[in-house]
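Encoded as structure tokens, the structure appears first; notes follow it.
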2 protein chains.
Amino acid sequence: MQKNCMFADKANQYKQPLKHRAVQPVQLVKFCKNEVNFQKLTVCSIGNVNMPHKINPGDSVIFDFGDHCVGYLHFAIEKYQSTQIVDSPVKLKFSFGEFPLEIVTPPEQYKGWLGCGWLQNETKTVVFAPYEGSLERRYAFRYLKIERVDNGPFPIVITDLFADCVSSVDFVAAPMCNFDDPVLNKIYTMSVKTLKDCEQDVFEDGPKRDRRMWIGDLRLQAMTDYVTFENIDLIKRSLYLFAAYRTDRGFVSPYIFPDSPPHTDEWIYIDYSLFFISCLYDFIKYSSDREILAELYPTAKEQAELVSNLLDRETGSINEKIFVDWCPDLDKDLAVLGVFIYSLRQLLWLAEQAGEDTCWIENEIEDVKAILLRFYDKTSGMFITAKGQLSWHSQLWAIISQTVVGDDAIRLIHTMQEINPEYKPHTPYMMHCYLEALDKCGMQDEVIQVIKDFWGQIAEAGFDCCPEVFNPSDQFESPYGAPEINSACHAWSCTPAYWLRNYFPDSEV
Amino acid sequence: MQKNCMFADKANQYKQPLKHRAVQPVQLVKFCKNEVNFQKLTVCSIGNVNMPHKINPGDSVIFDFGDHCVGYLHFAIEKYQSTQIVDSPVKLKFSFGEFPLEIVTPPEQYKGWLGCGWLQNETKTVVFAPYEGSLERRYAFRYLKIERVDNGPFPIVITDLFADCVSSVDFVAAPMCNFDDPVLNKIYTMSVKTLKDCEQDVFEDGPKRDRRMWIGDLRLQAMTDYVTFENIDLIKRSLYLFAAYRTDRGFVSPYIFPDSPPHTDEWIYIDYSLFFISCLYDFIKYSSDREILAELYPTAKEQAELVSNLLDRETGSINEKIFVDWCPDLDKDLAVLGVFIYSLRQLLWLAEQAGEDTCWIENEIEDVKAILLRFYDKTSGMFITAKGQLSWHSQLWAIISQTVVGDDAIRLIHTMQEINPEYKPHTPYMMHCYLEALDKCGMQDEVIQVIKDFWGQIAEAGFDCCPEVFNPSDQFESPYGAPEINSACHAWSCTPAYWLRNYFPDSEV
């Protein structure tokens, strides 16, 4: 890792204290099996929360906090009655869940390939009562199960329980909007809530799991933030962090670990390094901040140069890791060329603004476009990779990068929709690319319809926020081999608010 | 519980900040089965502690801190190498042991009747590395086992590990002594260490388990403290706490829970309530503090009056809980009469100092003495209870209370030693009563010999401090059905330092 101390200092200057809000549980619930509901589980209310809440050894209780929370659990316990002997420590097991499956699945049965450390549970020993304290780890949850796991022969009572929720922004800071459609209104609220819960000390990808700043997510978060919270200092902080901590080869890393000191790893995703250009482009479009442009333009340009050097112009492929989407067995060669052209166009505009030479960029755009166009198959009317793979991803990025424009782009998207290639978007992140391509084709009605269809089903399934993964035809799909570890509040799914605010600028109420 | 606010305020005035000392582990060890060693376990060194200490998933390691520690565990972890991905939280299981059996016995196998919450283990999730932090609970331990229980596919390193040890006194505050005998020197050191580790916010009975202030332990702790640390403010605080929080009937409670606010339960031990008189007596003997005498004398006298009212003068028995010792099936009727007479004599001296009327006390001493003497059996030359039970306890308290004195006392103790009744002292606490009786008989050499025999074996067994239970003929004896929960540092076993300092006033070096 190479560190630029000046940029790291700048990132620290834009650090801001988190905002706190106490959230109390609203009801006691149990989870029941049910064939109809999402993941075959339904949430049944079993009563109000009446403090003090008595707990005997072996008891367990599930609290519903009424909405997605990101924060620290605070609780207080006391003896059940003043004459009761509490003569040994109390051990409480806390299990947090953003959704019911997370609590219902026993941690011992976890078979995912991500570290089981992400499972949100902790056992805490309280030696003396009365006790008041917090769990050190920050959790993301709506449901909290508390089990009394010691065998002390006395009841205790929970006298206080709340989530000390944290975020870099206040919920009320985002504009209240009305889109004259209850489904769109609900989707907007979920999107903004997702963005808020991911805005912490940095833009996190998911407040439950990963909790690091991925630049692919940052691009979408910042886009959405400009039209909602306008939390500009956090975006500046993020840009400087990515510029400050790069790989030894000079690439912008796919992510930054936000802990102190921030740090990163050495591996890269080509498309993610290029998105540094996109993030800077969006920021300068929003702010016209010439100082930041001057400081960060060289880092942006370097990403394009580094990728350019890796591109095999004969085969059109780049021998490096590429993200694009989680779609299994996806041949990403063409999509990443699209990303490269897309970011080169943005770099060109940045160069013009900064008064830098544009010659190399203009030539490179034409060169890469020509490479990508070699893979256009006239017979099918679509882009087919060297390995012969037909995917949504190749077509969508050809359109987003404006390699295909106008009626050609509309024709391409219609052909793709009709043929419906096997390799499809697998993430809400890639669904956003689909929306970007539709938008490039001027198909705004279809953008809104896809949002209503896809995100509408998410709302229907009972989520408070927009999840990392949502496959209506497989409710248990998980990129990690364990659906309980999926993140139910994930930054890259929050862009409906971006589209709605842009399409309906007068929606604010 | 009734609370005297003035006394509670006084108790708070004598509260003092704890002293801190960082203690690092000295070696890595493993525990091996061995027929010869105490509890069939031996401690084998397997190397030095070299930081950073690498830990892979599934690894476990046992650190030896070289001596008994009471305090908070502080640790820091980092990634193994800077290029290593640490992309999920690390879960560490910490198991603390004052002695090897505590760590070797799996917590799932615990079958004791005390709450399993006392088992000293905790699992902690660390989301980000580098991390530096502490466990919230205070532990008492010499050995610490750390197991990595997450399955994250990366090694970590422990970069720092120490016990932030706490006590109300500095170890160096006690006089260094030389008794010209390595065994006595070792026993003295263990006793003082025990006392130190139990002197916290209050005098605790054991820093590992219970952690409350029992007045039976306080009497012995204070006696020993007057000739070692002279931590007089803590003794004043303790006296006021016991006077401040009493049962609804007015009895001094057997214990006070030290947490904030302090509190107690409603049940009592008759002998323990009476020891409030003894504690005040010892304090006034040491300090001649007339203000405290004036304030606390009424509480002391009330204990004698309350017990007097409970005494059935026909049968000589008191229908209430009595402690005396943990000896199973012990008939405690005569021993508690001895405790009553003993404390009445001390109350008499206090009344004289305070200028209070002594008439009732003098009469009561004679009355209770007469009752006790009814149980003297001329044939056997010993005291036998109404149920026909012959015990060490009845004889010892007859001597300590000076119901039997001079040659009669010497004869009684010799008869007892010769007959060796089945019901014997079962605790170091009762062993102290044996020493008190020997001392009353002027048998100082025998006091020293008993200390060398009994506490010498404790030292031999590998303890750093004086334990709660020690039975040379049953190394696994436990009053709780689980030897791993026994306390290895227990206040009531610390009195050898009291005897040694009194018998060898010139021992200080």
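Chain identifiers are assigned alphabetically (A, B, ...) following the order of the sequence lines, protein sequences preceding nucleic acid strands; residue numbering begins at 1 within each chain. Because only heavy atoms are used, hydrogens play no part in the values below, and waters and symmetry mates are left out as well, while side chains stay in. Computed from a predicted structure; not experimentally measured.
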- Provide the closest heavy-atom pair for T264(B) versus K79(A) in the form atom of the first, atom of the second, distance. O-NZ, 4.3 Å
- Message: Between L135(B), V126(B), N121(B), who has the most heavy-atom pairs with chain A when the cutoff is under 4.5 Å?
- Response: N121(B)
- Query: Is it the side chain or the backbone of P258(A) that comes within 4.5 Å of chain B heavy atoms, both, or neither?
  - Reply: side chain
- Value for NZ (K91(B)) from CG (L119(A)), rounded to nearest 0.5 Å, stands at 6.5 Å
- Interatomic spacing from CZ in F128(B) to CZ in R138(A) - rounded to 0.5 Å: 7.0 Å
- Message: Using 0.5 Å steps for rounding, measure from the OH atom of Y480(A) to the OG atom of S88(B).
- Response: 12.0 Å
- Counting distance only, does the side-chain N/O of N151(B) pair as donor-acceptor with the main-chain N or O of C116(A) below 3.5 Å? yes
- Search all heavy atoms of Y131(A) against all heavy atoms of E136(B) and return the closest pair with its distance. OH-OE2, 2.6 Å
- Message: What I'd like to find out is whether the side chain of W118(A) reaches to under 4.5 Å of the side chain of V127(B), using heavy atoms alone.
- Response: yes
- Of all of G152(B), G133(B), P89(B), which one pairs up most often with chain A through heavy atoms under 4.5 Å apart? P89(B)
- Query: What part of R209(A) lies closer than 4.5 angstrom to a heavy atom of chain B: side chain, backbone, both or neither?
  - Reply: neither
- salt bridge (Lys or Arg N to Asp or Glu O under 4.0 Å) between E122(B) and K124(A), worked out: CA-CA 7 Å; E122(B) 199 85 51; K124(A) 179 163 184 123; over 6 Å; no
